[in-house]
2 protein chains.
Amino acid sequence: MFDILLSDFDNSEHPLYLQIYKQFRDQILNGIIPSNTKLPSIRALQLQLNISKTPIETAYQMLSAEGFAYSKPRSGYYSVNMDEFNPFKKKKESNLLLNSFQYSDLSVEKKFSIDFNPAAVDKDMFPIRTWKRMLNNVLEDFSQSIGQYGDMLGEASLRKALADYLRNSRGVLCSPKQIVIGTGISYSISLLTKLVEGTNYIAFEEPGFEPVREQFLLNGYKLIPITVNRESFQFKLLEKSKAQMIYVTPSHQFPTGRVMPYAERKYLLNWADKQNAYIIEDDYDGEFRYLGQPIPSLQSIDQQGRVIYIGTFSKAFTPALRMNYMILPIEFMSKLQKMKHSLSCPSRIDQWAMQAFIEQGHWYRHIRRMRNKYKRKHHKLIECIQTVFEKKVEITGHNAGLHIQIIVKTKLNAKDLLKLAADKGVRVYDFHQMWMKPNESGYPQIYLGFAGISESEMEKGILLLKEAWGSILYE
Amino acid sequence: MFDILLSDFDNSEHPLYLQIYKQFRDQILNGIIPSNTKLPSIRALQLQLNISKTPIETAYQMLSAEGFAYSKPRSGYYSVNMDEFNPFKKKKESNLLLNSFQYSDLSVEKKFSIDFNPAAVDKDMFPIRTWKRMLNNVLEDFSQSIGQYGDMLGEASLRKALADYLRNSRGVLCSPKQIVIGTGISYSISLLTKLVEGTNYIAFEEPGFEPVREQFLLNGYKLIPITVNRESFQFKLLEKSKAQMIYVTPSHQFPTGRVMPYAERKYLLNWADKQNAYIIEDDYDGEFRYLGQPIPSLQSIDQQGRVIYIGTFSKAFTPALRMNYMILPIEFMSKLQKMKHSLSCPSRIDQWAMQAFIEQGHWYRHIRRMRNKYKRKHHKLIECIQTVFEKKVEITGHNAGLHIQIIVKTKLNAKDLLKLAADKGVRVYDFHQMWMKPNESGYPQIYLGFAGISESEMEKGILLLKEAWGSILYE
DNA sequence: GGGTATTTGTCCGTATGTATG
DNA sequence: TCATACATACGGACAAATACC
């Protein structure tokens with residue numbers, strides 16, 4: 001009955017046990033061997049095939065482990081029931097897809113010779129040497145802990161180092177307990193929506209940071225747009241609304257660049273206090289102010305624990321690391337502890353390295369270097385634009401941050417301007433996606449990030465922009 | 001009126017502009033300077049203080065940027081209204097909290113001298129030297145990209161390397177496009193719930209992996225428990241249910257260790273096909289089978305694109321890296337592309353390093369080394385238990401994976417057993433949290449992970465367990 | 001129906017060519 | 001280069017299940 005095994009046998013290079021395994025598996029799958037049929041005993045097969053028992057034994061064990069057969073000890077191996085199956089066809093599309101795979105990033109980035117990307121940072125400033133040293137050291141020093149999952153809220157030692165840094169340098173008072181290390185703003189927001197109960201309305205800056213807005217939508221929130229422009233923040237809209245939470249970027253509103261005045265900060269805190277609402281303070285580029293000290297953050301003024309503060313390493317260090325942190329009011333801690341197992345946070349190795357980086361004072365020094373560098377770039381960019389465009393564009397929102405907003409005096413719209421710039425190989429941004437309801441009135445607003453490009457590129461870029469737009473500008 | 005400025009001035013080391021800024025700010029905040037009052041002109045102050053214009057100008061700009069004052073061009077600077085405020089008090093609790101902060105992980109772990117933690121992996125096997133080399137190399141080679149956010153679905157090059165590896169070694173056919181790199185199973189599940197529309201019922205193994213269950217609950221899903229025991233998987237429950245999705249761990253069911261037979265796999269796929277349902281295949285320790293080849297994964301048998309495959313680097317490499325991946329059916333890709341900006345994924349640096357690690361063949365070799373090491377440990381543990389306990393405990397679910405289940409023949413319950421073991425300094429696990437409805441009938445089931453401890457610790461641990469439990473065991 | 005011989009799965013020590021470090 | 005480890009294959013020992021008398 002099982003003579004079939006003697007066919008295409010032995011002349012291949014495949015190990016015996018695999019050949020045996022496969023032949024039985026296929027025959028069971030194809031119904032050639034009916035269900036619950038006793039397979040030849042190991043020794044019977046041994047004689048028939050004239051080999052040792054071991055390959056047969058191994059094959060049978062595999063069949064059994066994988067559910068094609070079962071063993072009755074001291075009785076025999078039996079096939080299992082799998083009549084209707086007809087498996088092991090290969091999928092069609094896969095190979096096609098493999099070939100058509102696009103290396104999406106590269107192909108897009110290549111098209112522009114100069115990219116005023118507001119999300120990029122200065123690659124030459126990244127402290128490769130120091131960071132390498134940190135990584136190498138922690139891999140040695142923490143090798144005992146590398147086999148285990150760490151605290152899902154973030155390594156205790158990093159949270160401690162961060163709390164110290166925030167207290168000393170940013171005036172933010174918090175316990176390491178309140179800090180949650182995360183993998184990015186989206187992660188933090190997503191986590192937040194799980195922590196806050198019964199809040200379904202979120203007030204959101206208009207325009208505002210779209211990825212965060214999307215995250216709230218994805219988590220079932222309804223948005224209440226609060227208009228932000230150069231002069232004001234529409235509190236009226238907030239008061240009238242059902243919002244129990246608001247997302248703001250006070251230190252440098254994204255994208256307009258507006259700095260929220262102290263009075264408005266106090267107002268917001270009062271509102272949150274009265275309504276028992278929460279304020280999410282996204283201090284994404286709070287490290288970068290070019291005029292004196294940073295403004296006191298909402299978190300540091302807050303007395304009532306209504307502020308959730310979010311900071312990041314993406315701007316001051318590198319976005320490649322994807323590490324950020326969130327400071328939560330104490331009342332969240334117990335709930336957070338309960339759900340800590342369903343969190344995910346960055347590599348422990350990176351966290352240890354960052355801890356060492358901060359503790360050894362590198363972080364503090366790095367920030368100072370970055371601030372100076374960006375201050376120069378910032379100044380240079382504004383100077384460039386003013387020299388080249390004179391009064392034909394207006395620069396706004398430039399007290400801080402890593403990008404500026406310009407208002408271009410033309411009758412064209414932002415999209416047209418982008419296209420003209422792209423034709424010259426320059427990428428600038430209109431951030432239309434930051435608006436819930438795009439507002440086309442007035443002159444178009446264009447955004448330029450200056451962190452990611454060099455001063456010479458910047459100069460070239462602005463000159464190219466002048467070429468691109470020169471003829472369509474008003475005086 | 002503003003002579004106050006002349007007080008405590010000049011004898012400090014603080015920069016002039018900050019001293020000026022602070023004095024005005026405080027006076028405005030405290031109401032000493034009423035609202036809408038004209039501040040001294042820049043030149044007037046210059047004369048009064050006998051310094052240059054610059055510090056005063058800077059201070060005024062800061063005050064203006066931060067909303068303490070506003071400028072009327074060609075008229076002067078004016079204070080703003082902020083009567084009622086009394087800020088800059090420090091919060092009370094913070095310092096207390098700082099001191100009481102517990103280094104939670106360490107304090108817990110210290111209590112046990114031997115920990116059969118199923119989540120740990122062998123720390124000595126981590127290829128420190130090679131990984132260092134990878135990190136150092138990519139920090140040099142990719143330094144041009146370090147200033148930018150990468151693809152939020154994961155670096156294209158890593159996804160390519162992974163697809164190649166999966167095809168060659170695991171029989172999993174997929175395009176790099178379908179792969180999403182993530183920061184852990186919770187992240188992947190959370191992402192998944194956002195991708196799948198209209199699915200509110202999820203069938204879940206009972207017992208099953210609790211963190212994932214929690215993640216579904218957090219995302220608003222209702223659970224349908226599907227009982228799993230040594231013999232069977234209760235498909236009847238599945239058929240009757242409204243489930244449109246099911247989460248399974250076929251290669252080594254968590255926690256029972258059961259390997260899902262081929263027939264059941266086909267059944268599941270048929271069910272999913274008929275119901276248009278999705279199967280989430282969590283192949284968390286699929287690399288570790290100790291008998292021949294791995295069983296074909298659901299993903300590789302599936303013809304209809306109903307399987308979502310999730311794999312991880314946490315078991316075979318290190319949980320400290322927190323990197324995993326998910327293979328999605330093609331139909332999800334367009335939706336995924338749309339929400340890619342609200343994702344978060346692991347450090348690009350780690351992704352590049354992992355790509356190099358795979359491409360240079362280290363990954364393949366590493367897996368083999370790990371498999372062998374764990375095979376030996378696995379064998380050793382089972383041998384130990386059998387020698388020490390003879391027939392008093394029964395070992396089940398041990399064809400694969402990094403932990404085993406034992407059934408202890410006693411009238412005590414699992415909790416008691418854990419406590420007795422803990423008294424001897426040994427940590428074992430009852431995984432009660434893996435059950436939705438704890439089932440106390442029958443002998444208690446205890447789980448031992450063997451990946452994280454050495455063979456000698458293992459031996460000691462089992463002997464200590466014998467001491468702890470010896471007197472309460474049945475024959 | 002009970003004893004005995006045989007069959008059978010299981011476990012183990014060993015040999016050999018090859019790959020790894 | 002060489003020692004080692006590993007995958008694969010071999011055959012013996014054992015004890016439980018089965019068949020036979």
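Any value given below was found using the heavy atoms of this structure, including those in side chains, with hydrogens, waters and symmetry copies removed. Residue numbers start from 1 in every chain, and the chains themselves are labelled A, B, ... in the order their sequence lines are given, proteins ahead of strands.
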Just list the side-chain donor-acceptor pairs under 3.5 Å for residues 130-138 of chain A, sequence neighbours left out, or say none.
| residue | atom | partner | partner atom | Å |
| --- | --- | --- | --- | --- |
| A:Lys132 | NZ | B:Glu140 | OE2 | 2.5 |
| A:Asn136 | ND2 | A:Lys132 | O | 3.4 |
| A:Asn137 | ND2 | A:Arg133 | O | 3.4 |

*A:Tyr78 six-ring centre to A:Lys72 NZ/CZ under 6.0 Å and within 45° of normal*: yes

_Mind checking if A:Tyr77 touches a base, just sugar-phosphate, or nothing, with heavy atoms under 4.0 Å?_
sugar-phosphate

_Applying salt bridge (Lys or Arg N to Asp or Glu O under 4.0 Å) to B:Arg258 and B:Glu264, what does each step give before you reach the verdict?_
CA-CA 12 Å; B:Arg258 177 170 191 267; B:Glu264 289 186 10; 2.7 Å; yes

Identify every side-chain donor-acceptor pair in residues 452-466 of chain B under 3.5 Å, counting partners at least two apart or on other chains, and give the distances.
| residue | atom | partner | partner atom | Å |
| --- | --- | --- | --- | --- |
| B:Ser454 | OG | B:Ser456 | OG | 3.3 |
| B:Ser454 | OG | B:Glu457 | N | 3.2 |
| B:Ser454 | OG | B:Glu457 | OE1 | 3.4 |
| B:Glu457 | OE1 | B:Ser454 | N | 2.9 |
| B:Glu459 | OE1 | B:Lys380 | NZ | 3.2 |
| B:Lys466 | NZ | B:Val388 | O | 3.4 |

*Electrostatic pair B:Lys160-B:Asp164, nearest N-O below 4.0 angstrom*: yes

*asked:* I need the OH-C1' distance between A:Tyr70 and C:dT8, as an integer number of Å.
replied: 15 Å

_Please confirm whether the shortest side-chain N or O distance from A:Ser41 to OP1 or OP2 of C:dT8 is below 4.0 Å._
yes

_Nucleotide D:dA7, atom P - distance to CD1 of B:Ile367 in whole Å_ = 14 Å

*asked:* Nearest whole Å is fine: how far is C:dC11 P from B:Ile395 CD1?
replied: 11 Å

*Where along nucleotides 9-21 of chain D does protein come under 4.0 Å, by heavy atom, of base (B) or sugar-phosphate alone (S), with - for untouched nucleotides?*
BBBBB--BS----

*If the sugar-phosphate is the primed atoms plus P, OP1 and OP2 and the base is the rest, what is the B/S/- string for nucleotides 15-21 of chain C, using protein heavy atoms under 4.0 Å?*
-----SS

*Thinking salt bridges, do B:Arg348 and B:Glu155 make one under a 4.0 Å N-O criterion?*
yes

*asked:* Whole angstroms only, please: what is the CG-P distance between A:Leu39 and C:dG9?
replied: 9 Å

*Of all residues at least two apart in sequence or in a different chain, which pass the ring pair (Phe, Tyr, Trp, His ring centres under 6.0 Å) check with B:Tyr325?*
B:Phe313

*asked:* Among residues at least two apart in sequence or on other chains, which ones pass ring pair (Phe, Tyr, Trp, His ring centres under 6.0 Å) with B:Phe235?
replied: B:Phe233, B:Tyr267

